[in-house]
Amino acid sequence: MSVMAAEEDLRTRHILPISTVMSLTALTARQIRYYEAQGLVQPGRTAGQHRVYSLRDVDVLLAIKSQLADGFSIADIRNLMHPRHQAENSDEAVRQMLRDELLQQSRFAPDAEMRQGFGFRRSGE
DNA sequence: ATTCTCACA
DNA sequence: TGTGAGCA
């Protein structure tokens, strides 16, 4: 098995309890579960129905936090995340990551103030 | 002790 | 989104 495959495996393994994700992302359990309900993250479940997250889930959650701070609505983020359907390891997942990273740092992504200035409104308000 | 689901003075 | 109830 290649090292890349091994690393990918580590990043996608569902092993973190919600409490760890809460401290790692500074999000409330309520918010984390809500984003899941919105289809932004898909944590695993233990036999007892407790959610278990992967390091990738944490990255996604942090990206969501950043996107929201920049004025995007949950709907906006959802559309950017899965244009079609979600694939675990194929290049679809890579595309999603690139989209996240791109939107986070590029000034192509208008922030809340710019949107207001141009009369835009977050599609959730 | 923690997390889960559901509901709302 | 918060918060509390009643479980597992």
Side-chain angles (χ1 to χ4, degrees):
Chain A
M1 161 189 312
S2 71
V3 300
M4 206 184 100
E7 293 178 346
E8 189 57 20
D9 189 58
L10 286 169
R11 298 189 64 66
T12 60
R13 288 187 102 118
H14 291 166
I15 49 181
L16 313 174
I18 197 167
S19 55
T20 299
V21 179
M22 286 172 71
S23 45
L24 256 33
T25 64
L27 288 170
T28 64
R30 183 81 162 84
Q31 293 174 307
I32 296 170
R33 299 192 190 105
Y34 176 67
Y35 301 151
E36 174 189 352
Q38 296 311 301
L40 274 37
V41 287
Q42 39 263 263
R45 293 280 186 152
T46 65
Q49 291 312 106
H50 284 194
R51 277 167 259 256
V52 277
Y53 302 81
S54 67
L55 291 174
R56 171 173 293 179
D57 290 328
V58 172
D59 289 337
V60 171
L61 257 2
L62 288 173
I64 291 170
K65 207 183 165 188
S66 174
Q67 305 288 77
L68 289 175
D70 280 337
F72 287 93
S73 68
I74 296 294
D76 291 333
I77 300 172
R78 187 190 319 100
N79 293 326
L80 288 170
M81 292 250 290
H82 32 115
R84 296 168 166 287
H85 53 54
Q86 74 288 0
E88 287 312 317
N89 41 32
S90 128
D91 58 306
E92 185 61 68
V94 177
R95 288 184 179 181
Q96 289 179 30
M97 289 185 66
L98 290 177
R99 261 193 287 277
D100 286 338
E101 257 51 81
L102 206 64
L103 286 165
Q104 282 182 60
Q105 304 165 335
S106 172
R107 20 253 152 283
F108 175 76
D111 60 21
E113 286 188 6
M114 276 180 73
R115 290 194 158 205
Q116 287 182 48
F118 283 84
F120 282 103
R121 246 186 292 183
R122 288 196 266 178
S123 51
E125 309 183 314

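Note that the structure is a prediction, hence the values are computed from the model and not measured. Chain naming here is simple, since letters A, B, ... match the order of the sequence lines and numbering starts at 1 in each.
Qualifying side chain to side chain contact (heavy atoms under 4.5 Å, CB included) partners for A:Ser23, counting only residues two or more places apart in sequence or in other chains: none. Among residues two or more places apart in sequence or in another chain, the side chain to side chain donor-acceptor pair (under 3.5 Å) test is passed with A:Ser54 by A:Asp57. In terms of the side chain to side chain donor-acceptor pair (under 3.5 Å) criterion, residue partners of A:Arg13 (sequence neighbours excluded) are, by chain and number, A:Asp9. In terms of the side chain to side chain contact (heavy atoms under 4.5 Å, CB included) criterion, residue partners of A:Ser19 (sequence neighbours excluded) are, by chain and number, A:Pro17. Residues that satisfy the side chain to side chain contact (heavy atoms under 4.5 Å, CB included) test with A:Val58, not counting sequence neighbours, are A:Leu16, A:Val21, A:Leu24, A:Thr25, A:Leu62. Shown here are the side chain to side chain donor-acceptor pair (under 3.5 Å) partners of A:Thr20, two or more places apart in sequence or in another chain: there are none. Evaluation of the side chain to side chain contact (heavy atoms under 4.5 Å, CB included) rule for A:Met4 yields A:Ser2 as partners, not counting sequence neighbours.
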**Study point:** Base-pair map of DNA chain C as dot-bracket, where | denotes pairing with a different strand and pairs are Watson-Crick or G-U under 3.5 Å
**Key:** .|||||.|
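Of the candidates A:Thr46, A:Ile15, A:Ile18, A:Val52 forms a side-chain contact (heavy atoms from CB on, under 4.5 Å) with just one, namely A:Thr46.
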Using a 3.5 Å cut-off and no angle test, enumerate the donor-acceptor pairs between side-chain atoms of residues 33-41 of chain A and protein atoms at least two apart in sequence or in another chain.
from    : atom 1 : to      : atom 2 : distance (Å)
A:Glu36 : OE1    : A:Arg51 : NH1    : 2.8
A:Gln38 : OE1    : A:Arg78 : NH2    : 3.3

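Here the straight-line distance linking atom CE of A:Met22 with atom CG of A:Leu27 works out to 9.0 Å at 0.5 Å rounding.
A:Val60 places a side-chain heavy atom less than 4.5 Å from the side chain of A:Arg56.
Contacts with DNA chain C (heavy atom under 4.0 Å) in residues 27-36 of chain A: A:Thr28, A:Arg30, A:Gln31, A:Tyr35, listed by number.
Read 5' to 3', the first and last nucleotides of DNA chain C with an atom closer than 4.0 Å to a heavy atom of chain A are C:dT1 to C:dT3. Nucleotides of DNA chain B lying under 4.0 Å from heavy atoms of chain A occupy a range whose first and last members, 5' to 3', are B:dT2 to B:dT5.
The hydrophobic cluster containing A:Leu55 also contains A:Ile32, counting ILVMFWY residues as joined when their side-chain heavy atoms lie under 4.5 angstrom apart, directly or transitively.
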